[in-house]
Amino acid sequence: MIRKSTIYVMISVAFLASCSTKKTIVIDYYSEKLCGGITEISNYIENSDEIKNYFKESNSENTKLNYEVTELVKEGICFPFLQSEVAKIIENKEKISLEQASRRLEIKFLSKPILTLNSRCLEKRKIIKPDVKIEYYYYPEYSLLTAEITKIKYSAEYGKGYLILAEITADNKIEFLKTTFWEE
């Protein structure tokens with residue numbers, strides 16, 4: 001009896017471990033809505049004095065933020081930073097508890113391989129010594145787009161970043177839901 005239960009436990013652990021691996025799967029995913037949202041957020045980032053001043057050492061008004069952008073978009077959200085905000089959106093739209101909404105996010109995006117979308121909306125930028133890297137996350141079911149802007153470290157220093165959570169409306173415009181800074 002003990003041996004059977006031990007075998008079942010070992011099989012369950014092996015199954016869960018295989019399900020939670022961080023494999024990346026790339027699929028082609030073109031959406032005008034996604035491309036419109038990325039364009040809007042990219043324009044916001046390029047023109048935001050608040051973001052430029054946060055990442056640049058000097059505070060001059062004409063400081064240009066040099067950035068590289070990841071050409072693939074990750075499906076999902078930026079864990080753990082925006083998990084509670086997205087869970088609240090799901091709670092309101094689906095009329096479920098906040099706990100159920102949080103659990104749904106964890107199951108959907110943390111327990112399976114990472115799905116990466118080749119949207120063809122982004123072109124890889126070759127910048128010599130960029131200041132920041134921008135990564136996008138997209139949650140298609142709720143039209144949520146996240147931009148994670150991370151300072152590229154060239155010396156031993158603490159990391160810092162800026163997150164933008166936005167909803168893409170039916171006319172491909174951006175409605176900002178949350179912006180936040182983070183530091184290590």
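Just so it is clear, the model here is predicted, and its values are computed rather than measured.
Leu110 is connected to Leu165 through a chain of hydrophobic side-chain contacts under 4.5 Å among Ile, Leu, Val, Met, Phe, Trp and Tyr, so both are in one cluster. Linking ILVMFWY residues whenever their side-chain heavy atoms come closer than 4.5 Å, directly or via other members, leaves Leu122 and Ile152 in distinct clusters. No path of Ile, Leu, Val, Met, Phe, Trp and Tyr side chains, each step under 4.5 Å between heavy atoms, connects Leu72 with Ile127, placing them in separate hydrophobic clusters. Hydrophobic clustering, with ILVMFWY side chains joined whenever heavy atoms are under 4.5 angstrom apart, groups Tyr67 together with Ile164. The hydrophobic clustering, which links ILVMFWY residues whose side-chain heavy atoms are closer than 4.5 Å, places Ile134 and Tyr44 together.
Between Tyr162 and Glu50 there is a side-chain heavy-atom pair separated by less than 4.5 Å. The side-chain heavy atoms of Val73 and Cys121, taken from C-beta on, include no pair separated by under 4.5 Å. Between Ile27 and Asn118, the closest side-chain pair of non-hydrogen atoms is not below 4.5 Å. You'll find the side chain of Phe81 stays beyond 4.5 Å of the side chain of Lys178, heavy atoms only. Residues Glu175 and Leu177 are in side-chain contact: their nearest non-hydrogen atoms beyond the backbone lie under 4.5 Å apart. Looking at heavy atoms from C-beta onward, Ile51 lies out of side-chain contact with Val132 at the 4.5 angstrom threshold.
Side chain of Lys52 to main chain of Glu46: a donor-acceptor pair is present (N/O by atom type, distance under 3.5 Å, no hydrogens or angles). In this structure, Gln100 contributes its side chain and Ser97 its backbone to a donor-acceptor pair below 3.5 Å.
Residues Glu183 and Tyr158 have side chains that never bring a donor and an acceptor to within less than 3.5 angstrom of each other.
Contact record, Glu68 with Pro130: OE1-CG, 3.7 Å, taken as the closest heavy-atom pair. When all heavy atoms of Ala87 and Ala101 are compared, the pair lying nearest together is O-CB, 3.3 Å. Considering every non-hydrogen atom in both Phe55 and Lys160, the closest pair reads CE2-O, 3.9 Å. The nearest pair of heavy atoms linking Ala147 to Ile45 is CB-CD1, 4.2 Å. Nearest approach of Trp182 to Tyr54, heavy atoms of both residues: O-OH, 3.1 Å. In terms of heavy atoms, Thr146 sits closest to Cys78 at CG2-CB, 4.2 Å.
Every residue two or more places apart in sequence or in another chain was checked for a side chain to side chain donor-acceptor pair (under 3.5 Å) with Ser84, and none qualifies.
Atoms CG and OH, from Leu34 and Tyr138 in turn, are 5.5 Å apart once rounded to the nearest 0.5 Å. Remark: Asn47 CG to Leu65 CG distance equals 11.0 Å, nearest 0.5 Å. A distance of 9.5 Å separates CG of Asn172 from OG1 of Thr39, quoted to the nearest 0.5 Å. We find the OG1-NZ distance between Thr24 and Lys74 to be 7.0 Å, quoted to the nearest 0.5 Å. Of the inter-residue distances, the one linking Glu184 atom CD with Lys151 atom NZ reads 12.0 Å to the nearest 0.5 angstrom. Of the inter-residue distances, the one linking Ile38 atom CD1 with Tyr136 atom OH reads 6.0 Å to the nearest 0.5 angstrom.
Comment: Glu141 does not engage Arg104 in a salt bridge, judged by the lack of any side-chain N to carboxylate O separation of less than 4.0 angstrom. Glu106 has a carboxylate O that lies under 4.0 Å from a charged side-chain N of Arg103, or vice versa, which qualifies the two as a salt bridge.
Remark: Lys133 NZ is loosely packed, at most 12 non-hydrogen atoms of other residues, nucleotides or ligands lying under 6.0 Å away. In Glu99, the CD atom is not crowded: 12 or fewer heavy atoms of neighbouring residues, nucleotides or ligands sit closer than 6.0 Å.
By the 6.0 Å and 45° rule, Lys129 stacks over the aromatic ring of Tyr154.
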Please lay out, stage by stage, how Tyr139 and Phe109 fare under the test ring pair (Phe, Tyr, Trp, His ring centres under 6.0 Å). CA-CA 10 Å; Tyr139 193 174; Phe109 297 119; 4.9 Å; yes
